[in-house]
Amino acid sequence: MNLALNSYIPIVDFIADYLGSHAEVVLHDLTDLEHSIVRIRNGHISGRKEGDPCTDFVLRTLQQAPIDKQYAVNYHSTNQTGTLMKSGSFFIRNSKQKIIGMICINIDPSLYLQAKTFLDSFFGIPSNAVTQSIKGSPHENLGMPIEELVGTKLSLALSDYGGNPKLLSPEGKEHLIEKLNDEGIFLLKGAVSKVAEALDLSDPSVYRYLRKLKKE
C-alpha cells in the first residue's frame, strides 16, 4: 500500500463508527487499481473486501476530474443486488495534485425510506408515485469484477452502433476508443487487448489511437 495513505485508515474507522452499520466506508489506493481497496468497513453493503478492485466511478474520476476538484457528493451507486445507494468520495492528492487515493462512503437508504413511508402514512401525506430520474447523473457500480467491468463498458459503447463491431468504420472505432478512454477503461491491465480483440484490431493499433487522443 502507498505509505502516504496510512494516516487515512483511522479516518475510515472514525467515519464508519460515527455513521453506523448502514454506511460503507472505503479507502482506495489508486496506485494498484486491480486491488485498490486497502481498508473497508461495513463491506456487507456492497459485498466487497480488502484487495478488491476499483469501480467505474473511480476510473472516470482519474480520467476526467478537474485538478481543483477535491470531492464528489450525492451521486448514486448500485451494488450487485441492485440496491440503489447515496454515495460520496473524497479525493486524496499528492504534492503534484495527482489523485492517489479516495475515501468513499456508500449509504444504504432502505431503512430511512421505510421510516419515511411509515411517517408519510401516519401523517396522511400522499405517497409520490413519480420516481425522480437519475439519468445523466454520475453513477457507480459497486463490486463488479474487473473483467466484467471492461466487458460491460465495451458492450454499452458498442450498443450505440447496433452492438456489431463489424459495422464500425475506422472513424467509428476511433470514436468508440475515445469513449472508453474517457471512462478510464484503459487504465486497467489487459483492457487494450480485450478492446482490440472485440474491434478486430491489433494492440498497437489501439495504442496508436490512444496516442492520437493524448496529443489532441
Side-chain angles (χ1 to χ4, degrees), residues 1-16 23-73 75 77-80 85 87-106 138-154 156-157 177 179-198 203 206-207 210-211 213-214:
M1 185 181 80
N2 189 330
L3 294 179
L5 299 177
N6 274 340
S7 60
Y8 290 91
I9 292 177
I11 297 176
V12 170
D13 292 333
F14 163 71
I15 296 172
E24 178 186 71
V25 188
V26 186
L27 175 62
H28 287 281
D29 176 1
L30 302 184
T31 62
D32 185 1
L33 296 175
E34 285 76 17
H35 308 90
S36 69
I37 297 180
V38 294
R39 182 64 170 167
I40 185 168
R41 290 286 302 277
N42 300 321
H44 62 275
I45 290 176
S46 68
R48 293 181 295 171
K49 62 186 184 303
E50 292 175 10
D52 279 356
C54 68
T55 66
D56 49 353
F57 174 82
V58 171
L59 294 174
R60 283 197 305 272
T61 298
L62 287 175
Q63 200 71 355
Q64 301 180 22
I67 195 169
D68 58 345
K69 189 169 185 178
Q70 198 62 55
Y71 57 82
V73 294
Y75 60 90
S77 59
T78 307
N79 64 14
Q80 291 297 286
M85 287 174 282
S87 299
S89 294
F90 180 83
F91 310 149
I92 302 170
R93 296 180 181 270
N94 62 14
S95 59
K96 297 180 180 179
Q97 295 304 303
K98 179 181 179 181
I99 299 176
I100 60 170
M102 286 188 195
I103 293 179
C104 303
I105 303 173
N106 305 299
H139 192 84
E140 181 176 22
N141 293 294
L142 304 176
M144 185 177 289
I146 289 294
E147 281 291 318
E148 184 180 345
L149 174 59
V150 175
T152 298
K153 294 297 180 180
L154 180 57
L156 285 173
I177 289 171
K179 287 181 64 175
L180 293 174
N181 185 58
D182 288 343
E183 290 285 320
I185 292 301
F186 295 110
L187 297 173
L188 299 171
K189 296 174 183 176
V192 166
S193 295
K194 190 173 183 67
V195 172
E197 181 181 2
D203 287 12
V206 175
Y207 281 117
L210 292 173
R211 285 194 297 270
L213 290 173
K214 189 174 182 180

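Index from 1, following the sequence. None of the values given here were measured: they were computed from a predicted structure.
Contact annotation: the side chain of L156 never approaches that of E183 to less than 4.5 Å [non-hydrogen atoms, C-beta and beyond]. The shortest distance between side-chain heavy atoms of V25 and N42 does not fall below 4.5 Å. Side-chain contact between L213 and L210 is present, with at least one heavy-atom pair separated by less than 4.5 Å. At least one side-chain heavy atom of L62 sits less than 4.5 Å from a side-chain heavy atom of L33.
Atoms CG and CD1, on L30 and I100 in that order, are 8.5 Å from each other to the nearest 0.5 Å. Here the CG-OG1 distance, from N2 to T31, works out to 5.0 Å after rounding to the nearest 0.5 Å. Note that the CG atom of L188 and the CG atom of L149 stand 6.0 Å from one another [nearest 0.5 Å]. Rounded to the nearest 0.5 Å, atoms CD1 (I11) and CD1 (I92) are 7.5 Å apart. Here SG of C54 is found 8.0 Å from CG of L187. Values are rounded to the nearest 0.5 Å. In this structure, CD1 on I177 lies 13.0 Å from CD1 on I185, to the nearest 0.5 angstrom.
One side chain, Q63 or N181, offers a donor N or O that lies under 3.5 Å from an acceptor on the other.
Residues satisfying the salt bridge (Lys or Arg N to Asp or Glu O under 4.0 Å) test with E50, not counting sequence neighbours, are R39. Checked against salt bridge (Lys or Arg N to Asp or Glu O under 4.0 Å), D29 has no partners two or more places apart in sequence or in another chain.
Screening residues 89-101 for side chain to side chain donor-acceptor pair (under 3.5 Å) gives Y75-S89 as the qualifying pairs, with residues at least two apart or on separate chains.
More than 12 heavy atoms of other residues, nucleotides or ligands shown are found within 6.0 angstrom of CD on Q64. At most 12 heavy atoms of other shown residues, nucleotides or ligands fall within 6.0 angstrom of atom CD in E147.
Side chain of Q80 to backbone of L142: a donor-acceptor contact under 3.5 angstrom is found. No donor-acceptor distance shorter than 3.5 angstrom exists from the side chain of E24 to the backbone of H44, with no hydrogens or angles considered. Side chain of E140 to main chain of S87: no donor-acceptor pair is present (N/O by atom type, distance under 3.5 Å, no hydrogens or angles). Side-chain atoms of N141 do not come within 3.5 Å of backbone N or O of D56 as any donor-acceptor pair.
Closest approach of A4 and S7 over heavy atoms only: O-OG, 3.9 Å. Nearest heavy-atom pair across G184 and L59 is O-CD2, 3.6 Å. H28 approaches L5 most closely through the heavy-atom pair O-CD1, 3.8 Å. Closest non-hydrogen pair, A16 versus R41, comes out as CB-CB, 3.5 Å.
The pair D52-K49 counts as a salt bridge, with a side-chain nitrogen and a carboxylate oxygen less than 4.0 angstrom apart.
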Practice prompt. Begin from the C-alpha positions of M144 and T55 and carry the test side-chain contact (heavy atoms from CB on, under 4.5 Å) through to its verdict.
Written response: CA-CA 7 Å; M144 185 177 289; T55 66; over 6 Å; no
